[in-house]
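Remarks on the structure that follows.
The structure presented is a predicted model; accordingly, all values stated were derived computationally and were not measured. What you see below is based on every heavy atom in this structure, not just the backbone, and it leaves out hydrogens, waters and symmetry mates.
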Amino acid sequence: MLSNRIGIILVTALAPAVWGTTYLVTTELLPPGRPLLAAVLRALPAGLLLVAFTRRLPRGVWWWRALVLGALNIGAFLALLFVAAYRLPGGVAATIGSLQPLLVIGLSAGLLGERVSLRTALAGIAGVGGVSLLVLRADAQLDGIGIAAAVASAVVMATGVVLSKRWTSPAPLLATTGWQLVAGGLLLLPVALVVEGPPPTTLSTANLAGYAYLSIIGGALTYALWFRGIRALPPTNVTFLGLLSPLVATTLGWLALDQDLTVGQSLGGLVVLGALVVAQIRKAPRGPQTEIPAATPEPARPVPSSR
């Protein structure tokens with residue numbers, strides 16, 4: 001039903017909206033210079049909590065599938081995003097990341113056999129334009145390695161979204177979400193230790209509150225909602241909802257951090273919302289055509305007998 005589908009879209013949209021608060025939480029509550037530690041603590045404790053709650057471990061092919069999906073959706077994605085964030089201005093990284101819906105459109109056509117509509121493709125292009133207006137600055141500095149990392153992060157996340165749709169697990173949603181969070185967190189852990197060193201020996205109450213928020217709300221809850229949306233909706237519909245993250249981040253920067261909001265940014269935000277809404281519209285299926293029954297010929301009148 002239409003109302004049920006709209007409800008699923010709105011609930012799924014909560015995930016990227018919450019992810020848009022990560023910048024504010026990181027700058028205001030977490031220790032500086034520890035983005036990979038934040039990524040590990042966002043994924044690994046949340047995954048272990050879900051696995052302990054569901055008491056389900058992968059079986060058969062789902063051992064390697066959970067590892068692949070965890071790497072694509074969480075581990076490799078966040079590591080590459082970290083490289084891009086350090087070597088590029090945030091606006092450049094976010095603009096490149098907004099290519100993800102276009103990538104999902106192409107991968108869905110190739111791996112899932114979905115039909116690519118012109119309307120959805122144009123919405124994807126508009127989404128890139130809207131995000132660039134929202135976050136991109138004219139004096140942005142470009143870096144080859146950073147651009148490569150940003151593109152790779154969009155590719156691995158898009159692939160993870162499409163494969164999550166192709167590989168539907170028979171296990172409960174919370175269990176499969178936990179497997180991916182654990183796999184992604186374990187892949188990130190050695191990278192964080194090598195790049196950032198051991199965790200801080202002392203953490204403030206604000207630090208602990210920030211990490212708890214990222215793990216419970218930004219990890220366990222939001223990824224469960226995200227993967228539920230992938231199960232219930234076409235991946236192209238889900239990936240467009242990711243455009244909410246830079247929109248929420250910019251809005252919170254304006255409201256909570258007194259950052260300037262220009263007319264161009266406001267226009268970009270409207271374009272993003274328009275692209276997001278247009279991408280969710282499904283073409284109504286054609287109803288069965290009512291056939292007009294052929295006219296029944298009138299029975300011939302009997303010819304009077306000559307007798």
Side-chain angles (χ1 to χ4, degrees), residues 11-53 69-86 90 93-94 97 153 156-157 160 173-174 176-193 195-229 241-253 255-257:
V11 171
T12 306
L14 289 175
V18 169
W19 294 336
T21 67
T22 302
Y23 175 78
L24 179 64
V25 172
T26 300
T27 57
E28 299 301 305
L29 298 179
L30 300 187
R34 296 284 184 156
L36 279 178
L37 175 63
V40 172
L41 294 180
R42 177 182 180 179
L44 191 53
L48 293 173
L49 179 66
L50 291 179
V51 171
F53 176 76
L69 292 177
L72 292 173
N73 288 319
I74 299 161
F77 168 70
L78 291 177
L80 290 166
L81 196 63
F82 156 76
V83 174
Y86 262 66
S153 69
V156 297
M157 185 62 171
L173 173 67
L174 292 182
T176 55
T177 302
W179 302 342
Q180 293 189 51
L181 286 170
V182 169
L186 289 176
L187 290 172
L188 279 170
L189 181 58
V191 180
L193 291 175
V195 175
E196 297 179 355
T201 55
T202 58
L203 293 173
S204 67
T205 303
N207 296 156
L208 293 174
Y211 285 130
Y213 173 83
L214 290 181
S215 181
I216 298 172
I217 306 300
L221 176 62
T222 53
Y223 275 106
L225 296 178
W226 183 251
F227 293 134
R228 176 179 178 266
L241 298 176
L243 298 177
L244 285 172
S245 288
L247 181 60
V248 170
T250 302
T251 303
L252 287 177
L255 294 175
L257 303 178

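In this structure, the separation between CG on L244 and OG1 on T12 is 11.0 Å, given to the nearest 0.5 Å. Between the CG atom in L41 and the CG atom in L189 there is a gap of 9.0 Å [rounded to 0.5 Å]. Within the model, atoms CZ of F53 and CG of L48 stand 15.0 Å from one another, a figure rounded to the nearest 0.5 Å. I74 contributes atom CD1, which lies 9.5 Å from atom CG of L187 (distance to the nearest 0.5 angstrom). Expressed to the nearest 0.5 Å, how far CG of L24 lies from CG of L29 amounts to 7.5 Å.
In Y23, the OH atom is not crowded: 12 or fewer heavy atoms of neighbouring residues, nucleotides or ligands sit closer than 6.0 Å.
Residues P31 and L203 approach most closely at CG-CD2, 4.4 Å, considering heavy atoms. Here the closest non-hydrogen pair linking L193 and P199 is CD2-CD, 4.4 Å. When all heavy atoms of A46 and A220 are compared, the closest pair comes out as CB-N, 3.6 Å. Minimum interatomic distance between L36 and A192 (heavy atoms only, all atoms of both residues): CB-CB, 3.8 Å. The two residues A39 and L188 make their nearest non-hydrogen contact at CB-CD1, 3.9 Å. Looking at every heavy atom in both residues, E196 comes nearest to R34 through O-NH1, 3.2 Å.
Side-chain atoms of R228 do not come within 3.5 Å of backbone N or O of L173 as any donor-acceptor pair. Of the possible donor and acceptor atoms, none in the side chain of Q180 sits under 3.5 Å from a partner among the backbone N and O of N73. Remark: the backbone N or O of Y211 is not paired with any side-chain donor or acceptor of S215 at under 3.5 angstrom. The closest donor-acceptor contact from the side chain of T250 to the backbone of L247 lies at 3.5 Å or more, if one exists at all.
Between Y223 and L181, the closest side-chain pair of non-hydrogen atoms falls below 4.5 Å. Between L44 and L186 the shortest side-chain heavy-atom distance falls below 4.5 Å. Looking only at side-chain heavy atoms (C-beta outward), I217 and V18 come within less than 4.5 Å of each other. For the pair L72 and F77, the minimum side-chain heavy-atom distance is 4.5 Å or more. For the pair Y213/T21, a side-chain contact is recorded, criterion being any heavy-atom separation below 4.5 Å from C-beta on. Residues L37 and P200 have side chains in contact (heavy-atom distance under 4.5 Å, counting atoms from C-beta outward). Side-chain contact between R42 and T22 is present, with heavy atoms from C-beta onward closer than 4.5 Å. Using a 4.5 Å cut-off on side-chain heavy atoms (C-beta onward), W226 and P16 make contact.
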